[in-house]
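Heads up: the structure comes next, in structure tokens.
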Amino acid sequence: MDYSAMDHERAKQFVKGKRVVVVGFQKQGLDIAMECSSENGPENPCTIVYRKDRWKMSDFSPWGIPLQYLYLNRFSELMVHKPGEGFLLGMLATLLSPLRWGISKLVETHIKKNLPLAKFNMVPERSFSNDMRSCLLAAMPKDFFNRVETGRIHLQKSPGFGFYKDGIVVDGGNKQIQTDIVILATGFKGIHKLKNIFTSQDFRHFIAVSPDSRVSLYSDTFEAKICEELFSNEQIRCKELSDINAEKSSMLFSLKCMLENLGIFFMMRFRMAFMSFARECIQPRIPQLAVIGFSESFSNLFTSEIRCRWVVELLDGGFKLPSIEEMEKDISNWDDYMKKSSGEYYQRSCITALDIWYNDQLCKDMGWNPRRKKGFWADLFQPYGPMDYANP
């Protein structure tokens, strides 16, 4: 059942009077938890299960400084190493790295001042800048922590979860949470829609390629564990099932439902397949296909708009794509950047720290002047936004 496809009234009736567990703590998970807690109150609290703490924005003007002046202008990008940068830009990014660290700490102190993260043991281990570069930020709803304190929302940090007959188990199977509904706010499996466009297995392979590439998407295989709970001695016995084709997933979910009545819970861990695109939207070996929206940024709508303009210019004959080898080399450069800047989250293919650098490349392809501001200082320090790219 797709909760996100429900209208407001149907979603409201779906969760009303139910004990709901939301898995995931990004924007979608936060929104669902707020909806459930508004409907059910402390009588049927909503539980959020999440793996790691992430920075959440209380507002977008830390210490009165608009965030775009700290992270969305050319000067901020001088502090970041870039794909394909030369020696001078690389040296400048290294020299400015202490300033980048200081700006990150400035924002972190503002967030910790406004949100009770320490009280709930939710201070992230990663820096704000790292989460920013990995597109892991979300806006914290104003009433969220009040709902936590009044018992309308429960927080449960756990590296994973599984099912048992009355709900879910967390904390490595040591804690059981009774629940009526589990909502997975963990993202979407758009890879299947793209792969199913093609009948050719070769083209499907191009869409979901090696795990060393970027843009994490679910692949057509996953690993699963079916674990039987032994009530007599409260031990867990597991049998591993590996490389099960996703077409059989519905069978496994049916099996899960059958086993729940026998005191058996079910755990899954999806493998990842990845996609890589030239300019984040063209697969070099399927150049007739443009994909808009998989790669993320601080403003996905803005980024998608300029990519659409780039595709229109390409289709209109305004420029030609480079060779496959050149495009794959560019992809490799961006892969290296993502791995260095985002660490374990490089698969998200987030360009937030380099929106302007990325847009410069699109402008150069289209024959536009990438310098969109009037004057040197304005171009260096003023934030860039959609209106800067409204006209060639």
Side-chain angles (χ1 to χ4, degrees), residues 67-104 126-136 212-215 274-282 284 294-299 302-303 306-307 310 319 321-373 376-385 388-389:
L67 190 68
Q68 56 265 37
Y69 282 91
L70 299 176
Y71 283 99
L72 300 177
N73 57 22
R74 286 193 183 276
F75 182 74
S76 68
E77 295 193 359
L78 291 177
M79 308 179 212
V80 182
H81 288 283
K82 307 164 189 64
E85 67 183 359
F87 174 79
L88 291 179
L89 283 177
M91 180 62 70
L92 186 58
T94 300
L95 292 175
L96 291 176
S97 59
L99 180 57
R100 183 180 70 232
W101 176 88
I103 291 175
S104 180
R126 282 164 52 97
S127 70
F128 176 85
S129 288
N130 283 342
D131 275 2
M132 180 87 171
R133 292 197 298 269
S134 304
C135 290
L136 292 171
D212 292 328
S213 303
R214 288 178 285 113
V215 186
F274 308 99
M275 299 174 63
S276 290
F277 295 122
R279 298 293 189 259
E280 304 299 319
C281 57
I282 295 288
F294 272 125
S295 179
E296 300 181 70
S297 69
F298 188 76
S299 174
F302 168 31
T303 304
I306 191 169
R307 285 177 185 155
W310 183 87
F319 64 96
L321 292 175
S323 67
I324 292 176
E325 291 74 18
E326 290 177 288
M327 287 191 285
E328 290 182 340
K329 181 180 179 180
D330 182 69
I331 288 172
S332 178
N333 289 335
W334 278 91
D335 284 345
D336 292 340
Y337 159 73
M338 298 291 180
K339 292 172 184 176
K340 292 176 182 177
S341 66
S342 300
E344 61 182 302
Y345 299 99
Y346 78 92
Q347 300 99 336
R348 295 180 68 91
S349 192
C350 175
I351 64 170
T352 290
L354 293 179
D355 289 85
I356 302 173
W357 177 266
Y358 169 75
N359 290 340
D360 285 352
Q361 295 180 334
L362 300 185
C363 287
K364 291 174 183 177
D365 290 342
M366 295 185 289
W368 296 10
N369 181 5
R371 302 286 177 173
R372 314 301 292 177
K373 301 289 187 182
F376 174 80
W377 298 110
D379 192 67
L380 186 62
F381 291 107
Q382 285 186 5
Y384 267 66
D388 293 304
Y389 300 94

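Just so you know, these numbers come straight off a predicted model, no measurement behind them.
The shortest heavy-atom contact between Glu85 and Val80 is OE1-O, 4.2 Å. Between Ile356 and Leu72, the shortest heavy-atom distance links the atoms CD1-O, 3.9 Å. Residue Ala93 comes nearest to Arg100 through the heavy atom pair O-NH1, 4.2 Å, listed as atom of the first residue, atom of the second, then distance. Residue Tyr389 comes nearest to Cys363 through the heavy atom pair CE2-SG, 3.7 Å, listed as atom of the first residue, atom of the second, then distance. Scanning all heavy atoms of the two residues, the minimum distance from Ser134 to Arg126 falls at OG-NH2, 2.8 Å. For the residue pair Ser297 and Asp355, the shortest heavy atom distance occurs at CB-OD2, 3.4 Å.
Taking the side-chain hydrogen bond (donor to acceptor under 3.5 Å, both in side chains) definition, one finds that Tyr337 meets it with nothing, sequence neighbours left out. For Asp365, the side-chain hydrogen bond (donor to acceptor under 3.5 Å, both in side chains) partners are Arg279, Trp310, not counting sequence neighbours. Asp360 meets the salt bridge (Lys or Arg N to Asp or Glu O under 4.0 Å) test with Arg74; sequence neighbours excluded. In this structure, Phe298 has no ring pair (Phe, Tyr, Trp, His ring centres under 6.0 Å) partners at least two apart in sequence or on a different chain. For Tyr358, there are no ring pair (Phe, Tyr, Trp, His ring centres under 6.0 Å) partners at least two apart in sequence or on another chain.
Residues Leu354 and Pro83 are in side-chain contact: their nearest non-hydrogen atoms beyond the backbone lie under 4.5 Å apart. Two residues are said to be in side-chain contact when any heavy atoms from C-beta on lie closer than 4.5 Å; Ser129 and Trp101 fail this criterion. In this structure, Ile351 and Met338 have side chains that are in contact, with non-hydrogen atoms separated by less than 4.5 Å. Counting heavy atoms from C-beta outward, Asn359 and Trp368 have side chains that stay 4.5 Å or more apart. Residues Leu67 and Met132 form a side-chain contact, since some pair of their non-hydrogen atoms from C-beta on lies under 4.5 Å apart.
Rounding to the nearest 0.5 angstrom, the gap separating the CD1 atom in Ile306 from the OG atom in Ser299 is 11.5 Å. Distance CG/Leu70 to CE/Met79: 8.0 Å, rounded to 0.5 Å. Atoms CG and CD, from Asp330 and Glu325 in turn, are 13.5 Å apart once rounded to the nearest 0.5 Å. Once rounded to the nearest 0.5 Å, the distance linking CZ of Arg307 with CZ of Phe302 reads 10.5 Å. For the atom pair CD of Glu77 and CH2 of Trp357, the computed distance is 9.0 Å after rounding to the nearest 0.5 Å. Atom OG of Ser104 and atom OH of Tyr71 lie 4.5 Å apart (nearest 0.5 Å).
Formation of a donor-acceptor pair under 3.5 Å by the Thr94 side chain with backbone atoms of Gly90 is found in this model. Judged by distance alone, the side chain of Ser342 and the main-chain N or O of Arg133 form a donor-acceptor pair under 3.5 Å. Using modelled atom types, no side-chain atom of Asp131 and backbone atom of Phe128 make a donor-acceptor pair closer than 3.5 Å. Not a single donor-acceptor pair under 3.5 Å links the side chain of Ser332 to the backbone N or O of Glu328. Although no hydrogens or angles enter the test, the distance criterion places no donor-acceptor pair under 3.5 Å between the side chain of Gln382 and the main chain of Lys373.
Within the structure, ring pair (Phe, Tyr, Trp, His ring centres under 6.0 Å) contacts touching residues 74-96 (residues at least two apart or in different chains) are Phe75-Phe381.
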